[in-house]
Protein chains: 2
Amino acid sequence: MNTPQTRDAELTRGRILEAALDLFVAKGFADVAMREIAGRSNVTRSLIHHHFGNKEALWEAVKEQAFSRYIEQQKPELEHASMADESLLRSAVTRYFRFLGENPQVVRLLGWIHMEGDASCGEREGEIIALGAERIRQAQRAGVFRADINPVHAVTMFVVTCAQWFHGRAHHSQWPGIGSDDEFLDDFLKIFVDGLRIAAVDGNRP
Amino acid sequence: MNTPQTRDAELTRGRILEAALDLFVAKGFADVAMREIAGRSNVTRSLIHHHFGNKEALWEAVKEQAFSRYIEQQKPELEHASMADESLLRSAVTRYFRFLGENPQVVRLLGWIHMEGDASCGEREGEIIALGAERIRQAQRAGVFRADINPVHAVTMFVVTCAQWFHGRAHHSQWPGIGSDDEFLDDFLKIFVDGLRIAAVDGNRP
DNA sequence: ACATTAATTGACCGGCCGGCCAGTTAAGAG
DNA sequence: CTCTTAACTGGCCGGCCGGTCAATTAATGT
């Protein structure tokens, strides 16, 4: 109302997407009113419908954009980084852990996606998971990591752990004796890296 | 309407709670109408208000009951089982993993609780987490597991992994090369148990 | 300058929502 | 047998919801 700025479809689309992301991620799709999004982005509801069609289509667009940003942000890290030895694996895990800690919106976005059972985003994340798995496979061939483990499962294990740590943060921060982010990460890395080490492989007992 | 059964407050309360649990867990609090719950439990909306007050109070009651059931179900398992050696830890993890796999409602319930940031349930789960942590601490004192790890973090690690594995099932089942429930569990156990083993402790490199 | 296109608005609609209330009816106590 | 209590019903209400539409207004091409 006080910002009669020049007409720019791309810019307003962006403002709408931003407001919608904030609200959807904070409260969930069903609990957000188009009126709220309109208010926050200084735009009429009609205009949102003009640009995105309906509420569901807007949510899809929001997920699409936010998830793409997430993927594009992570991909180069995994493409350049190698996991050819333990310390590099450590730093890769640490980096992802810190990333989620600093981007709670990503964590919550994934949470809603999981709740919806939306599988489409899974395929796209699959690309970068495969990238990480390939690094670990190389390290296995080089004899650095034990070879009796599906490398995808190794990646899954740390991705899943990082995600759930922050996803259920408020919940398990109540657990007696639990430590800080860094303390948990340290302990996780000890178990994870040592468990992947090749020397530990010959301890299989029934 | 076709079931004018004798009046029994406790029984109808139960029917309402059951219907509400199904719907809330499936669609989330905001997306469920009192009318749906009333329809499914063959009861008028007014009666639900009579018994539970309002929608939010009903949701609290539902969470309370379902979460209590979950806790009461898990507690004896952890009280009786010991983790004094690796195979017992393996079976404890396996049991919890299977439990979540067979009770998707529990997984989703936890999901909503996490999304809401509800911390109250965390305290109660803390009790059984502490139980598990105590077992591991014993094994550490006995020299079976490495002692340089916070036992609570060890428990957290596998609880969190099991939860997120099923929570994001539809999502990461799209990842190329990922295995079945059992295959993932096997690989997780290899890393987890071997990583906890005391022999692996002296491999720390900067 | 003017016509065309598209961004933007405000008013309106039918429908569903949660909550309330005044009654009705069954069970149990005396 | 009756009185009390509480389980249970049906109908009503104000309010918010998502969506539509005709009208307005700013850019853009010619």
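Quick note on labels: first sequence line is chain A, next is B, and so on, each numbered from 1.
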Regarding A:Thr12 and A:Arg7, do their side chains bring together a donor and an acceptor under 3.5 Å, going by distance alone? no
The nucleotide from C:dA7, D:dG18, C:dC17 with an atom nearest the side chain of A:Arg45 is D:dG18
Is the B:His167 to B:His114 ring centre distance short of 6.0 Å? no
Does D:dC8 have OP1 or OP2 sitting under 4.0 Å from an N or O in the side chain of B:His51? yes
Between C:dC16 atom P and B:Ile37 atom CD1, what is the distance in whole Å? 17 Å
What's the CD1-P distance between B:Ile48 and C:dC17, to the nearest Å? 13 Å
Can you check the B:Asp31 CG to D:dC16 P distance for me, whole Å? 20 Å
Of all the nucleotides listed (D:dC8, C:dA6, D:dC12), which has the minimum atom distance to the side chain of A:Arg7? C:dA6
Phosphate OP1/OP2 of C:dT8: any A:Thr12 side-chain N/O under 4.0 Å: yes
Nucleotide D:dG10, atom C1' - distance to NE2 of B:His50 in whole Å: 16 Å
Can we call the ring centroids of B:Phe24 and B:Trp112 under 6.0 Å apart? no
I need the NZ-C1' distance between B:Lys55 and C:dG19, as an integer number of Å. 12 Å
Using whole Å, what does the distance between atom P of nucleotide C:dT25 and atom CG of B:Leu47 come to? 16 Å
A:Arg35 side-chain N/O to D:dC16 phosphate OP1/OP2 under 4.0 Å: no
As a test of understanding, state which of B:Thr156, B:Thr161, B:Val155 forms a side-chain contact (heavy atoms from CB on, under 4.5 Å) with B:Val159. B:Val155
Rounding to an integer number of Å, can you tell me how far A:Ile16 CD1 sits from C:dT9 C1'? 13 Å
Suppose we call a contact any N or O donor and acceptor under 3.5 Å apart; does that hold for the side chain of B:Ser46 and the base of D:dG10? yes
Map A:Ala33 and B:Ala9 onto DNA chain D by nearest heavy atom, then report which one ends up closer to the 5' terminus. B:Ala9
Atom NE2 of B:His49 and atom P of D:dC13 are separated, to the nearest Å, by 18 Å
Among D:dA27, C:dG18, D:dT9, find the nucleotide with the atom closest to the side chain of B:Thr44. D:dT9
In sequence, state the C-alpha distance, the side-chain angles, and the governing distance for B:Asp22 and B:Gln105, and then conclude on side-chain hydrogen bond (donor to acceptor under 3.5 Å, both in side chains). CA-CA 8 Å; B:Asp22 289 349; B:Gln105 268 200 346; 2.8 Å; yes
